[in-house]
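Labels below follow one simple rule: chain letters A, B, ... track the order of the sequence lines, proteins then strands, and each chain is numbered from 1. In what follows, every heavy atom counts, from backbone to side chain, and hydrogens, waters and symmetry copies are set aside.
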2 protein chains.
Amino acid sequence: MTTTRGYHHGDLRRTLLAAAVDVIGESGPVALSLRDLARRAGVSHAAPAHHFGDKAGLLTALAVEGFDLLTDALGRAGDDLLELGVAYVRFAVDHRAHFEVMFRPELYRADVPEVVAARSRAGAALRGGVSALAAASSAEPDRDALAAWSIVHGFATLWLAGALPAGVGEDPEAAARSVIRRLFE
Amino acid sequence: MTTTRGYHHGDLRRTLLAAAVDVIGESGPVALSLRDLARRAGVSHAAPAHHFGDKAGLLTALAVEGFDLLTDALGRAGDDLLELGVAYVRFAVDHRAHFEVMFRPELYRADVPEVVAARSRAGAALRGGVSALAAASSAEPDRDALAAWSIVHGFATLWLAGALPAGVGEDPEAAARSVIRRLFE
DNA sequence: GCGACATCTTGTCAATGGCAAGATATGCTC
DNA sequence: GAGCATATCTTGCCATTGACAAGATGTCGC
């Protein structure tokens, strides 16, 4: 997990993860090839195996990184529920590759302790912000939290899939803000 | 598109699509192998190519079928917005393979006319039902329609990903109904 | 400097997608 | 019903990939 330095390549592990983010962001996880990543990094075709074992291992590392990035992003959004939702959507758009992998557990080993812990941290960041407001204004905080998560996750997913009509505009953050506000009216 | 009958296999095209639904439903689109489908159907490894060209062609046919199934499901739900949303979630759960492919355009050829037409039909079924109610109760029907679509799509996606906590329960339809009702309060 | 270890390379194999060419059955025309 | 065009399917092939095994190379502790 820690990035030791000074080997042959320098920091192959991080280089491979960064290249994987590029490839997945452009063409999706299906297009990911360990040999292609190795070529991009200028190493032999078997080098990635040492760091990640296999393709699922690489995607597992990517998922952990993604949940940690999401935790950070949500933490920076503060306690305002609207801004928390906007931050969720912004994370999905800015870290498309991570987001797409995180919520596709068949691509990686979602049951390893590191993933479980990272997902739990992200869940706490999300649920904590939601419950602060929801508990004060509703008789069903769990239901409200699930509704909030669903609406931001759905919007982000539809946006990334290119499924939304042109009328929504070019700015995902503004559109998300408008949609989320619907929950408070 | 029409299923002609009476050849060697009988109805290979439909058999292959059905097998693909099984595989994707169990292991996701990444695990799909044309040769595996051919083995399941008892034909040679190159037989699928004649019907679908390549893997993207098969998934394109699956996406078209999915949008048509969704159109039917939404049509059967009537004009009630709550039931429309529940039908959307039920479709996603009952036709997991179709749903997962439909909203992953990098897996197939989303720009071919058949896909565009099928998606358009599904969009009309969704938007028509939403606008009937939204227009009467809101000053921003487009925003409301997007919010409704986002919340049901997000709930369905999170449910399929296994991301929801155990407290949500075992019945997706009941949980969805509860969440969607949040939009009307 | 020396040994233990992490890192990376080379070599190999089975599986897959995709293409080309040929075999077989179906249906249409007369 | 015979012959031919066509749809359907098979066999054969090649490049790419994931995964594994074994070896080479660099790094670090002592």
Side-chain angles (χ1 to χ4, degrees), chain A residues 1-24 26-63 97 101 104 106-109 112, chain B residues 1-24 26-63 97 101 104 106-109 112:
Chain A
M1 194 58 49
T2 59
T3 55
T4 49
R5 277 138 214 220
Y7 339 136
H8 307 168
H9 176 275
D11 199 350
L12 182 58
R13 180 189 169 90
R14 182 151 293 277
T15 300
L16 290 173
L17 282 176
V21 167
D22 288 345
V23 172
I24 297 173
E26 290 171 12
S27 314
V30 186
L32 191 68
S33 152
L34 290 180
R35 291 171 109 101
D36 178 48
L37 295 185
R39 278 191 294 270
R40 289 170 182 242
V43 294
S44 80
H45 64 86
H50 179 261
H51 290 277
F52 302 105
D54 55 6
K55 191 192 273 194
L58 186 143
L59 293 175
T60 301
L62 207 63
V101 172
R104 218 156 298 168
E106 77 273 12
L107 292 179
Y108 63 98
R109 284 183 262 279
V112 301
Chain B
M1 194 58 47
T2 59
T3 56
T4 51
R5 277 133 213 231
Y7 344 133
H8 308 168
H9 176 274
D11 199 351
L12 181 58
R13 181 188 168 90
R14 184 151 292 278
T15 301
L16 290 172
L17 283 175
V21 167
D22 286 347
V23 172
I24 297 173
E26 291 171 9
S27 314
V30 188
L32 192 67
S33 153
L34 291 180
R35 291 171 109 100
D36 179 46
L37 296 184
R39 277 191 294 270
R40 289 170 183 244
V43 294
S44 81
H45 64 86
H50 179 261
H51 291 277
F52 302 105
D54 55 5
K55 191 192 273 193
L58 186 143
L59 293 176
T60 300
L62 208 62
V101 172
R104 217 156 299 169
E106 77 273 11
L107 292 180
Y108 62 98
R109 286 183 259 279
V112 301

Quiz item: For the side chain of A:K55, counting heavy atoms from C-beta on, which of D:dG18, D:dC9, C:dC8 is nearest?
Solution: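 Of D:dG18, D:dC9, C:dC8, D:dG18 is nearest to the side chain of A:K55.
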Applying side-chain hydrogen bond (donor to acceptor under 3.5 Å, both in side chains) to A:R39 and not counting sequence neighbours gives none
Residue list, side-chain hydrogen bond (donor to acceptor under 3.5 Å, both in side chains) with B:D22, at least two apart or on another chain: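 If we apply the side-chain hydrogen bond (donor to acceptor under 3.5 Å, both in side chains) test to B:D22, skipping adjacent residues, there are no hits.
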Between [N] and [X], is there an OP1 or OP2 to side-chain N/O distance shorter than 4.0 Å?
X: A:H50; N: C:dT7; answer: yes
X: A:R13; N: C:dA6; answer: no
X: B:S33; N: C:dG17; answer: yes
X: A:H51; N: C:dA6; answer: no

Send over the distance from [X] [atom1] to [N] [atom2], rounded to a whole Å.
X: A:L58; N: D:dT17; atom1: CG; atom2: C1'; value: 15 Å
X: A:F52; N: C:dT7; atom1: CZ; atom2: C1'; value: 13 Å
X: A:L34; N: C:dT9; atom1: CG; atom2: P; value: 14 Å
X: A:L37; N: C:dC8; atom1: CG; atom2: C1'; value: 16 Å
X: A:L32; N: D:dA19; atom1: CG; atom2: P; value: 11 Å
X: A:D11; N: D:dT27; atom1: CG; atom2: P; value: 15 Å
X: A:L12; N: C:dA6; atom1: CG; atom2: C1'; value: 12 Å
X: A:L16; N: C:dT7; atom1: CG; atom2: P; value: 12 Å

Hits for side chain to side chain contact (heavy atoms under 4.5 Å, CB included) against B:A61, two or more places apart or cross-chain, chain-then-number order -> B:R13, B:L17, B:F52
*asked:* Restricting to side chain to side chain contact (heavy atoms under 4.5 Å, CB included), what partner residues turn up for A:A18, sequence neighbours left out?
replied: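 Checked A:A18 against side chain to side chain contact (heavy atoms under 4.5 Å, CB included); zero matches.
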Distance-only criterion, 3.5 Å: show the donor-acceptor pairs between side-chain atoms of residues 26-36 of chain B and protein atoms not counting sequence neighbours.
from: B:S33; atom 1: OG; to: B:R35; atom 2: N; distance (Å): 3.3
from: B:S33; atom 1: OG; to: B:D36; atom 2: N; distance (Å): 3.0
from: B:D36; atom 1: OD2; to: B:R40; atom 2: NE; distance (Å): 3.1

Closest to the 5' end of DNA chain D, once A:D54 and B:G42 are matched to their nearest nucleotides, is B:G42
What pairs of nitrogen or oxygen atoms, one from the protein and one from nucleotides 12-15 of chain D, lie under 3.5 Å apart?
none

Is B:A49 touching bases, backbone alone, or none of the nucleic acid, heavy atoms closer than 4.0 Å?
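Nothing, no nucleic acid heavy atom in range.
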- Message: Using the rule given for side-chain contact (heavy atoms from CB on, under 4.5 Å), can you reason through B:T15 versus B:V43, listing the C-alpha separation, both sets of side-chain angles and the distance that settles it, and then say yes or no?
- Response: CA-CA 11 Å; B:T15 301; B:V43 294; over 6 Å; no
Heavy atoms of A:G57 and A:R109 approach each other most closely as N-NH2, 3.3 Å
